[in-house]
Structure formats: structure tokens, C-alpha cells
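Proteins come first, then strands; the chains are lettered A, B, ... in the order of their sequence lines, and each starts at number 1. None of these values were measured; they are calculated from a predicted model. Computation of the quantities below employed the complete heavy-atom set of this structure, encompassing side-chain atoms and omitting hydrogens, waters and symmetry-equivalent molecules.
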There are 2 protein chains.
Amino acid sequence: MKLLTKTEEILLLAIWKLNDEAYGVKVREKVMDMTGKLFTYGNLYCTLDQLTGKGFVMKYKGEPTPERGGRAKTFYKLSEKGLTALQEAFEINQSVWDGVSLYSFTRN
Amino acid sequence: MKLLTKTEEILLLAIWKLNDEAYGVKVREKVMDMTGKLFTYGNLYCTLDQLTGKGFVMKYKGEPTPERGGRAKTFYKLSEKGLTALQEAFEINQSVWDGVSLYSFTRN
DNA sequence: CAATTTTTTTCCGATAAACAAAAAAACCCG
DNA sequence: CGGGTTTTTTTGTTTATCGGAAAAAAATTG
């Protein structure tokens, strides 16, 4: 085997969708939007670090903003490898769920 | 949080798709069809047991068949709870991947 | 019953998930 | 400058899942 985990897949996709707005707090919100579930920060940053370690994402420090408070943000973006992995995840998902729709579950 | 894992999701779906043909070996083949990846049996049965323990699937022994060799099969089927979980997984996937297509990845 | 086949079980180290709590780094204002 | 407040990130710990190699079981044949 060897497949992205659910969490990895969702975080990669969230970062990709956020484009150049992808830092911890925003990623967390995006994931909430996408799934209706809220990651704890521990869980979130831990997985972000794993993804970084595997070369799927790159991180870089942002400049402090002129807004009240808050330490400098750490931004994430997909590497080539990360984008390829995300694309493969997409294709596998398509193949896995092929032919299934909400109606499929109500055929008794 | 709390989401089905990738493996759980795929196995539930495979069992559902296999209907009344869902025993270990067939499930493994079905997953191979769906994902292009091959589970080891250790991994497979381990996850099937987890799913059973969580009440997502039920197992029952099949009768020995008239074919050469082979011990009796253990069949799996989704419980109500399992079907509901699968359905929820489907909906979350839809929401998560909403608006994404293969072309999305080539927009440079 | 010995040989063969198909299917399932066991076991274990490596990874990943989940969370709570603490720490850092920035800004504001006296 | 220094205390207070805010936003963001880090740390540490426990539990659950993954991934695979190897062994065991149960059935049929001759």
C-alpha cells in the first residue's frame, strides 16, 4: 500500500485552495469549512510538520502585519511533489467513488 | 475531530459494493480494483476487525464451498451504523473536493 | 492421513492522530 | 520602556492506526 492519510489529503487540499493565504489559523478555518470538523492546533501543526518533513509542503515565515498583536505567521505552500500527490489522491478518490451518488444509499 | 480513516472508508465502501460477496480475499481484490494498491492481509483483517469492533460491520461464517481446498470464508456486511458512516464520508468527500477537477491542477 | 489449496490470524515496530497546555512574538498604551 | 493583550505557533504525551512477514487453520483430493 501507500496512500495519503485522510488528514494529509485534506490539509494538502486546504493549502492548495488557500493559495498564498495558507498559514496555520487560516488552514484550520478552511478545513472547518470543507469538512465541518475542527482540528486542534496540536493535531494541525503536527500534521503540517509531517507534510513538510515528507517534502509535500514548504514553509516560510511571513512578515509581521500592521494589525494588533499576533506573532509572525508561518505560511505553507505545496511543492511539486505535494501537488502531484494531491492530484493522485484526487484521481484515486474519483476511481474509488465512481458511480456512487447520494441516491445509491437509499436503494433498498 | 473524528473522521473515518482512509483505510476504513475504502474497506466500508468495498464491502458495500461487494454486497453479499464480501469476504477477505474478495475485499482485497476489490480494493485493488478501486485504488490500484494492494493491502497485505495483516493490514486488511486488522482493519476489518477494527470496523467490527466499532460496530460498522458484522461478520458471519460462510459454509465451506465445494471447491478445492480453502477454509470457510468469513463474510462481512455493513450495519446501519456502518452505512450511515459511509454515507457521511461520501458527503464530506463531496464537500471537500467540491469544484475540483483534473483541469484544476494544470492552471498555471 | 499426507499433500495441497485457500483463507484467516497473530504479532510487532513504525507512523499518525488527538488533545491540552504552554510558549512566543507581535502590537498598544501609559 | 514595560505591563497587558492578542494572535499564532510549539511542545509533550497518550492512544490508535498502518504495514508487513510469517504462521496457523480449515477445507478438499487421492
Side-chain angles (χ1 to χ4, degrees), chain A residues 1-12 14-15 18 21-32 35 37-57 59-76 85 89, chain B residues 1-12 14-15 18 21-32 35-57 59-76 85 89 92:
Chain A
M1 280 278 300
K2 208 56 206 156
L3 234 39
L4 290 182
T5 68
K6 218 11 167 336
T7 309
E8 287 173 335
E9 178 179 301
I10 290 173
L11 291 194
L12 283 184
I15 292 168
L18 282 169
E21 287 295 324
Y23 69 97
V25 173
K26 270 282 193 315
V27 171
R28 185 172 184 242
E29 286 169 5
K30 180 57 108 178
V31 170
M32 178 67 182
T35 65
K37 315 275 180 180
L38 194 61
F39 276 63
T40 58
Y41 279 114
N43 197 185
L44 179 79
Y45 283 105
C46 169
T47 305
L48 287 174
D49 279 354
Q50 287 167 198
L51 287 170
T52 307
K54 291 177 180 174
F56 288 132
V57 309
K59 58 198 273 193
Y60 55 99
K61 292 285 175 201
E63 297 298 314
T65 60
E67 289 143 30
R68 177 82 173 82
R71 65 190 281 191
K73 302 169 173 59
T74 300
F75 289 92
Y76 298 88
Chain B
M1 277 277 300
K2 211 52 205 157
L3 233 41
L4 290 182
T5 68
K6 213 28 169 320
T7 308
E8 287 173 334
E9 177 179 304
I10 290 172
L11 291 195
L12 283 184
I15 291 169
L18 282 169
E21 286 297 322
Y23 68 98
V25 173
K26 270 282 193 316
V27 170
R28 186 172 184 241
E29 285 169 7
K30 179 57 107 179
V31 170
M32 178 68 182
T35 65
K37 315 275 179 178
L38 195 59
F39 277 62
T40 58
Y41 280 114
N43 198 186
L44 179 80
Y45 284 105
C46 168
T47 305
L48 287 174
D49 278 353
Q50 289 167 198
L51 288 171
T52 306
K54 290 176 180 174
F56 289 132
V57 308
K59 58 197 275 194
Y60 55 99
K61 292 285 176 202
E63 296 299 311
T65 60
E67 286 143 31
R68 176 83 173 84
R71 66 192 279 190
K73 302 169 173 61
T74 300
F75 289 91
Y76 299 87
I92 290 179

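What separates CG of B:L4 from C1' of D:dC18 is a distance of 16 Å, to the nearest Å. Atom CG of B:D49 and atom P of D:dC18 are 13 Å apart (whole Å). As rounded to whole Å, 11 Å separates atom C1' of D:dA26 from atom NZ of B:K73. Rounded to whole Å, atom P of C:dA18 lies 11 Å from atom NZ of A:K6. Across the protein-nucleic acid pair, A:L44 atom CG and C:dA17 atom C1' stand 12 Å apart, rounded to whole Å. One atom, CG of B:L51, and another, C1' of D:dA16, lie 13 Å apart when rounded to the nearest Å. For the pair B:N43 CG and D:dA22 P, the interatomic distance rounds to 16 Å; values are reported in whole Å. Taking atom CD of residue B:E9 and atom P of nucleotide D:dC18, one finds them 11 Å apart after rounding to whole Å.
For B:A22, the side chain to side chain contact (heavy atoms under 4.5 Å, CB included) partners two or more places apart in sequence, or in a different chain, are B:I15, B:L18, B:V27. Residues meeting the side-chain hydrogen bond (donor to acceptor under 3.5 Å, both in side chains) test with A:K26, sequence neighbours left out: none. Annotation: ring-ring contact (aromatic ring centres under 6.0 Å, His included) contacts of A:Y23 (sequence neighbours excluded): A:F75. Applying the side-chain hydrogen bond (donor to acceptor under 3.5 Å, both in side chains) test to A:K6 and every residue at least two apart in sequence or in another chain returns B:E9. Remark: B:T35 engages no residue in a side-chain hydrogen bond (donor to acceptor under 3.5 Å, both in side chains) (not counting sequence neighbours).
Note that the NZ atom of A:K61 and the CZ atom of A:R71 stand 6.0 Å from one another [nearest 0.5 Å].
The list of salt bridge (Lys or Arg N to Asp or Glu O under 4.0 Å) pairs with a residue in residues 36-45 of chain B, not counting sequence neighbours, reads A:E88-B:K37. Sorted by first and then second residue, the pairs that involve residues 46-56 of chain A and meet salt bridge (Lys or Arg N to Asp or Glu O under 4.0 Å), not counting sequence neighbours, are A:E8-A:K54, A:D49-A:K59.
Nearest nucleotide to the side chain of A:R71, out of D:dT7, C:dC19, D:dG19: D:dT7. Which of D:dG19, D:dT10, C:dT9 sits closest to the side chain of A:K61 comes down to D:dT10.
Non-hydrogen atoms lying under 4.0 Å from DNA chain C are contributed by nothing in residues 21-30 of chain A.
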Nucleotides 11-16 of chain C: which of its N/O atoms have a protein N/O under 3.5 Å away?
{"residue": "C:dA16", "atom": "OP1", "partner": "A:K54", "partner atom": "NZ", "Å": "2.4"}

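For the residue pair B:G62 and B:A72, the shortest heavy atom distance occurs at O-CB, 3.6 Å.
Counting any heavy atom pair closer than 4.0 Å across all strands shown, B:T74 reaches sugar-phosphate atoms only and no base atom.
Heavy-atom nearest nucleotides on DNA chain D were determined for A:L3 and for A:Y76, and the one closer to the 5' end corresponds to A:Y76. With DNA chain C read from its 5' end, the first of the two nearest nucleotides for A:A72 and A:Y41 is the one closest to A:Y41.
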